[in-house]
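Naming: A, B, ... by sequence-line order, numbering from 1 per chain.
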2 protein chains.
Amino acid sequence: MVKTIRAHTNIALIKYWGKADSHLRLPLMSSLSMTLDQFYTDTQISASDEDCFVLNGIRQKGASAQRVFSFLKVLQQRFGVTGHLLVESTNNVPTAAGLASSSSAFAALAGAFCAHYNIQLTPIELSRIARLGSGSACRSIYGGFSVWQKGTDDKSSYAYALDENPQIDLQLLAVELNTKQKRISSTAGMKMAQSSPFFQPWLLRNQQELEQMISAVKAQDFTAIGNLAELNATEMHAVNLTARPSFTYFEPATIKAIKMVSELRQNGIECYFTIDAGPNIKILSQLKNVKDITNKFVTEFENVKIINASFGPGISYLN
Amino acid sequence: MVKTIRAHTNIALIKYWGKADSHLRLPLMSSLSMTLDQFYTDTQISASDEDCFVLNGIRQKGASAQRVFSFLKVLQQRFGVTGHLLVESTNNVPTAAGLASSSSAFAALAGAFCAHYNIQLTPIELSRIARLGSGSACRSIYGGFSVWQKGTDDKSSYAYALDENPQIDLQLLAVELNTKQKRISSTAGMKMAQSSPFFQPWLLRNQQELEQMISAVKAQDFTAIGNLAELNATEMHAVNLTARPSFTYFEPATIKAIKMVSELRQNGIECYFTIDAGPNIKILSQLKNVKDITNKFVTEFENVKIINASFGPGISYLN
């Protein structure tokens, strides 16, 4: 029987924003993320006469199919297996939510690959191969909080579980602002960012911020987690702004949204923002404030969509 | 006969954004500016029965009058002179244009003070005392390009003329976007900015960027001037964004405007932005492109106002 693998997306609270090796997807910095319950990808792989990638019931051609199969080919070579494959995926990640579906997609793919060929791996080994598909996918092997230690080579660069079952009240509001700008890809953005005079200073700070975040997670300290996540996110976007040429993922609505987070905080509603390679913001908050924050954004933005997520589980078999 | 002094505003291409001594207004970094022909303050000082500050025909009370007279009191003490003063100023600086009128205002005040008491100063001495009123005022003593060397004490912190009569085609478009947000004062912003992890790295770069800008000015290299000015401005705003708490002078329209500058450049219309402690942008361009740039902004923004400025002269007597 074909096994279906489910992997959840994760959101980085300490960001990954720069490759040391683009082929092996080794990062320039370590990162830390929260796996989300609301967004996931289900994938199953079976033998086939020809390579075929079906996403949400539609056969994919072009770049997305190519990326899937070049990843699977790398894995086939690595494990000495062969054969054409049918990949069937269902993505429960609204692309517009500004959440990278590639993290759940490539984690699920790595899991489905192992299930198909009956390859037994430890979570760390699975994390390492998921990384080859998409860097952030290596963190989606685990639930709760996970840390991707940058390492120095293929063997040492993988994610580990920091806390698979966190007891802290931490809500993530994925705020989809109504923007329609074309987007600079993460890969292109990461490359451009390195021309910023603040890129090296940021790299030098990474270990310190990671350690502070690990302590904040262990202490279940919402305020410290929020402050560090917001600082780290602004650093990433400051690096983009100061790149040569300058670029930004911010749209006009992004500025309005981050000012609204400040304003809410000033009014005693504790919340923090983080932003990835897109115009949307994600708000870190606590259960008691979710309603107020949501109401504020719904009132102030046209056609805003907000999804309230919390901690999701690690990769799993559905059957 | 009472002499009227005219001083022009200046715009920093290498920014001043941090005080080493707030009383003496010693800066943490050197800066470089362009004096602008379109914006100026005319001021005359005469003896009076009581201190009185009239701006654009209206007697001022409160904070703005207080700032003027506490500055004049410092100068009176320094030069051993006394007496109540009538200060009459006309500001030809649309406040909404996002240009600090304090640079022309305090330069003109310093000049009018010396005229009233018949104190003969060299331009450098005048620059030094203007600095006590508003840091950027020390650069408005000169026309063209000037450099404020940060120095280490009152004596060594002053501006000098880099090129009083530049031959380069450099236009500054002051773009007044239609925003109505309350504003964080420069003084408050400068203080908050120092909490950014990028503030020290920025300071360390200042001397290098200043030297590159001086070379670009000497070489009359528009492209180099524009690139350096834009980089330096993004650094200032990146430092604000990464302060704790994070803040920004950007408004939604600011993001739209800076993306428009990138777009124009990609379409072969060479221009660069700089942004000070407010939401408006200033565009560095050349005569041949002023019309296209203006048209683009007028088309894309509602109620935008654009003033085309170029090099202004140094401080002068009008009579």
Side-chain angles (χ1 to χ4, degrees), chain A residues 177 179 181-182 184 192-193 195-206 208-209 212 224 226-263 265-266 272-275 279 300-301, chain B residues 177 179 181-182 184 192-193 195-206 208-209 212 224 226-263 265-266 272-275 279 300-301:
Chain A
L177 302 164
T179 64
Q181 288 298 112
K182 68 173 178 198
I184 299 161
M192 288 161 74
S195 66
S196 163
F198 294 151
F199 193 81
Q200 288 304 320
W202 189 35
L203 269 194
L204 292 174
R205 287 184 54 80
N206 170 259
Q208 182 191 339
E209 285 181 20
Q212 288 171 342
N227 264 313
L228 278 163
E230 190 174 291
L231 173 61
N232 188 265
T234 59
E235 287 172 338
M236 167 180 153
H237 292 277
V239 158
N240 296 342
L241 190 66
T242 50
R244 291 283 77 207
S246 174
F247 72 101
T248 182
Y249 288 100
F250 289 5
E251 291 294 328
T254 315
I255 292 288
K256 186 175 167 187
I258 68 179
K259 293 199 172 190
M260 210 160 285
V261 170
S262 290
E263 198 188 314
R265 204 156 56 206
Q266 275 161 25
Y272 303 89
F273 66 82
T274 181
I275 307 178
E300 299 278 349
F301 286 89
Chain B
L177 301 164
T179 63
Q181 289 297 112
K182 68 173 176 198
I184 299 161
M192 286 161 75
S195 66
S196 163
F198 294 151
F199 193 81
Q200 288 305 319
W202 189 35
L203 270 193
L204 292 174
R205 288 184 53 81
N206 170 259
Q208 181 190 340
E209 285 182 20
Q212 288 171 342
N227 263 313
L228 277 163
E230 191 174 291
L231 173 62
N232 188 265
T234 59
E235 287 172 337
M236 167 180 154
H237 292 278
V239 158
N240 296 342
L241 190 67
T242 50
R244 292 282 78 208
S246 174
F247 72 101
T248 181
Y249 288 101
F250 290 4
E251 291 293 330
T254 314
I255 291 288
K256 186 176 167 186
I258 69 178
K259 292 199 173 190
M260 211 161 285
V261 169
S262 289
E263 198 189 314
R265 203 156 58 206
Q266 275 161 25
Y272 304 89
F273 66 81
T274 181
I275 307 178
E300 299 278 350
F301 286 89

Between B:K256, B:Q200, B:E230, who has the most heavy-atom pairs with chain A when the cutoff is under 4.5 Å? B:E230
Test ring-ring contact (aromatic ring centres under 6.0 Å, His included) applied to B:F250 - qualifying residues, sequence neighbours left out: B:H237
Among residues at least two apart in sequence or on other chains, which ones pass ring-ring contact (aromatic ring centres under 6.0 Å, His included) with B:F247? B:Y249
Heavy-atom side-chain contact between A:W202 and A:N232 under 4.5 Å: yes
With a 4.5 Å cut-off on heavy-atom pairs, point out which of B:T248, B:T254, B:N227, B:T234 contacts chain A the most. B:T234
So which of A:S262, A:A253, A:P201 has the largest heavy-atom pair count under 4.5 angstrom toward chain B? A:P201
Side chain to side chain contact (heavy atoms under 4.5 Å, CB included) evaluation trace for B:E209 with B:L231: CA-CA 9 Å; B:E209 285 182 20; B:L231 173 62; 4.0 Å; yes
Contact origin within A:L204 toward chain B - heavy atom pairs under 4.5 Å: neither
